[in-house]
Amino acid sequence: MLLIHCPHCQENRDEEEFSYGGEAHIVRPLEPEALNDQAWADYLFFRTNSRGIHHEMWYHAMGCRRYFNATRNTLTYEILETYKTGTQPTIVGASA
Amino acid sequence: MKKYSGFSLLKNALSYHENWQKVWRSPTPKKHYDVVIVGGGGHGLATAYYLAKIHGITNIAVIEKGYLGGGNTARNTTIIRSNYLWDEASQLYDLSLKLWEGLSQELNYNVMFSQRGVLNLGHNLQDMRDIERRVNANRLNGIDGEVVSPQRIKEIAPLINISSDSRYPILGASWQPRGGTARHDAVAWGYARGADALGVDLIQQTEVTGIRRQGGAVIGVETNHGFIGAAKVACVTAGNSGVVAAMAGLRLPVESRPLQALVSEPVKPCLDTVVMSNAVHGYISQSDKGDLVIGAGVDSYNGYGQRGSFHVVEHTIQAICELFPSFSRVRMNRQWGGIVDTCPDACPIISKTSIKGLYFNCGWGTGGFKATPGSGYVFADTVANDHPHPLAAAFSLDRFNTGALIDEHGAAGVAH
Ligand SMILES: Cc1cc2nc3c(=O)[nH]c(=O)nc-3n(C[C@H](O)[C@H](O)[C@H](O)COP(=O)(O)OP(=O)(O)OC[C@H]3O[C@@H](n4cnc5c(N)ncnc54)[C@H](O)[C@@H]3O)c2cc1C
Ligand SMILES: [Zn+2]
């Protein structure tokens, strides 16, 4: 069970209040029609799937109903930081 | 390889079972192999076996970082069925089911395949429409299946609660009599023994740490015990496939998630079939030892820690107690997690890659145990001929570029 700090509510809340949004910082292509199939597939389906430091989106579904990002270690599940959408992580690291 | 038989059992009894031949060798790796298989789970071992047996390629190493069959193969709830919705998937899973039917004979190893049947329950009208559609599709593909009533379900599994005033009443189910369970370890061990006898080197406690390439082609793998050359490298590493792909500079449409299961204390025989429910999300069978084997849902987040969150297990237990009220008294013994490689369309990837001589078989997610024989069979063919086996062609990596996804979220909806 994860205890997640929502940067909007400024509170630690139970994992069950949140839903997972997958890898963060994937930029939606500005001109999708200009992409070839491979680049579009890469955007839609291909993921880094880091073993170690991972930046990911979470949605505070049963709270403020806002998205934010978390930096989490996918081996230990430790949440190293959470930060608002649109801002950058302070912890970046190579995958283990 | 000495054959197992009633006679050999008697003979070895005379020497107090102290002289059985080792089930496989523990060879030191050669410098170079025709094929290196990364990952000694059921799928990797089956691939090695069929490469040697059918394609005559015996200069093979299977490289396993832990011990053989210690990954998801050892952690799964062993449900076997082939009643998937789409032609491509159901044909692949049914090839596998047919191989299961002869596997103990083929391998001269008892994999304890038990065709006790699988029920997939429906709890609302839409569930029932989906079940009818799926069963009809299965029958068109020559796969056994029936839509059964609550009364028939009660005959098959007498402890189940079919009362209409339960929270999620059971309206019916699909029933695949040929489905069932098998002994997870035995499958890995059986294929390992068979492959070893055909000359395959099984190398345990050795981790692949890099994939060496030259001019767009693979030439071998780096390991914690040194470099091993290979003309072809076939990766069958389930939850760690993304990590292995990254060693070759590739990304996959795969995310690794924890999937949990738990077993109870052994109890007297009370459930001789497999019961699954997408809607309340639980699935259960009883092992030959007597423990109730219960599969939970997949955790929502990416993870490699081989454990998941407690509330996921809690929800599953709620569902099981809803279906089988008497099981609320049973005590749980052990709980664990595996790391499953989930794909966007809930179907596997059996594919060549953009790098010559590098192949991937992964993305089986929550339901690849049932496919172990078929997966190995078609992957061996794909690797041997450097061309997809007809039943593997639809599962290429390229489907994510073309958009020809095979959406099995319905039939694979419950983790199994
Ligand atoms: C809890 C749970 C329940 C499940 N229930 C079912 C079910 O009821 N029915 C069903 O059909 N499926 C089920 N599954 C799914 C099924 O277990 C898997 O799809 C299947 O076992 C995958 O087999 P595999 O051989 O590909 O993977 P694994 O058995 O995981 O083998 C992969 C191997 O690769 C090795 N490896 C990884 N990286 C490296 C490296 N760098 N170097 C060397 N070796 C490496 C690992 O150590 C591992 O042994 C379940 C899974 C789980 C976790
Ligand atoms: Zn919040």
Side-chain angles (χ1 to χ4, degrees), chain A residues 1-5 12-26 29 32-33 35-62 67-80 82 93-96, chain B residues 65 207 209 237-247 249-258 260 297-315 337 339-347 349 353-354 362-363 365 396-405:
Chain A
M1 179 82 68
L2 306 177
L3 200 58
I4 303 176
H5 181 85
N12 288 333
R13 305 306 291 257
D14 190 296
E15 176 193 339
E16 277 192 278
E17 288 189 15
F18 299 85
S19 60
Y20 188 64
E23 188 174 330
H25 305 297
I26 296 174
E33 62 279 15
L35 298 185
N36 62 22
D37 287 348
Q38 208 172 342
W40 183 241
D42 197 63
Y43 163 69
L44 276 186
F45 300 122
F46 287 67
R47 295 294 177 261
T48 310
N49 198 19
S50 325
R51 184 183 162 102
I53 302 291
H54 190 235
H55 305 291
E56 57 194 22
M57 296 185 288
W58 286 87
Y59 173 54
H60 197 178
M62 312 245 195
Y67 273 94
F68 60 92
N69 296 329
T71 305
R72 193 172 54 91
N73 184 325
T74 57
L75 265 171
T76 62
Y77 302 166
E78 185 187 357
I79 298 172
L80 303 165
T82 55
S95 294
Chain B
K65 70 174 174 182
E207 179 167 0
T209 54
T237 46
N240 278 295
S241 295
V243 179
V244 175
M247 294 174 193
L250 301 176
R251 296 213 304 167
L252 295 173
V254 167
E255 287 192 298
S256 299
R257 302 260 164 97
Q260 302 178 80
V298 62
D299 273 83
S300 69
Y301 49 79
N302 289 16
Y304 287 89
Q306 292 191 322
R307 62 196 161 79
S309 289
F310 182 71
H311 68 90
V312 175
V313 170
E314 202 176 11
H315 289 319
I339 299 306
V340 296
D341 39 340
T342 56
C343 258
D345 56 357
C347 273
I349 294 165
T353 64
S354 53
C362 62
S396 75
L397 263 174
D398 200 44
R399 76 176 185 271
F400 298 95
N401 296 332
T402 62
L405 303 193

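Predicted model, so just to flag it, every value in this text is computed and none were measured. First the proteins, then the strands, lettered A, B, ... as listed; each starts at 1.
Nearest approach of A:Tyr77 to B:Gly305, heavy atoms of both residues: OH-N, 3.0 Å. Residue B:Lys65 comes nearest to A:Arg51 through the heavy atom pair NZ-NH1, 4.3 Å, listed as atom of the first residue, atom of the second, then distance. Closest of all the heavy-atom pairs between B:Asn302 and A:Asn49 is ND2-OD1, 3.6 Å.
Counting heavy-atom pairs closer than 4.5 Å to chain B, the top-ranked of the candidates A:Asn36, A:Asn73, A:Asp37 is A:Asp37. In terms of heavy-atom pairs under 4.5 angstrom with chain B, the leader among A:Asp14, A:Thr74, A:Leu44 is A:Thr74.
In this structure, the side chains of A:Glu15 and B:Tyr301 come closer than 4.5 Å at one or more pairs of heavy atoms. Annotation: side chain of B:Leu397 is in contact with side chain of A:Phe46 (closest heavy-atom distance under 4.5 Å). Using a 4.5 Å heavy-atom cutoff, the side chains of B:Arg257 and A:Tyr20 are in contact.
Only the side chain of B:Asn240 comes within contact range of chain A, judged by heavy atoms closer than 4.5 Å. Looking at A:Asp42, both its backbone and its side chain come within 4.5 Å of chain B, counting heavy atoms on both sides. Looking at A:Leu2, both its backbone and its side chain come within 4.5 Å of chain B, counting heavy atoms on both sides.
Rounding to the nearest 0.5 Å gives a distance of 14.5 Å between OH of A:Tyr59 and OG of B:Ser300. Taken to the nearest 0.5 Å, the NE2 atom of A:His54 stands 9.5 Å off from the OG atom of B:Ser256. Of the inter-residue distances, the one linking A:Glu16 atom CD with B:His315 atom NE2 reads 4.0 Å to the nearest 0.5 angstrom.
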| task | Would you please test B:Val254 and A:Arg47 for side-chain contact (heavy atoms from CB on, under 4.5 Å) and show each step? | result | CA-CA 7 Å; B:Val254 167; A:Arg47 295 294 177 261; over 6 Å; no
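Remark: B:Arg399 is not positioned above the aromatic ring of A:Phe45, lacking an NZ or CZ atom under 6.0 angstrom from the ring centre and at most 45 degrees off the axis.
With a 6.0 Å radius and a threshold of 12 heavy atoms from other residues, nucleotides or ligands, A:Met1 has its CE atom above the threshold.
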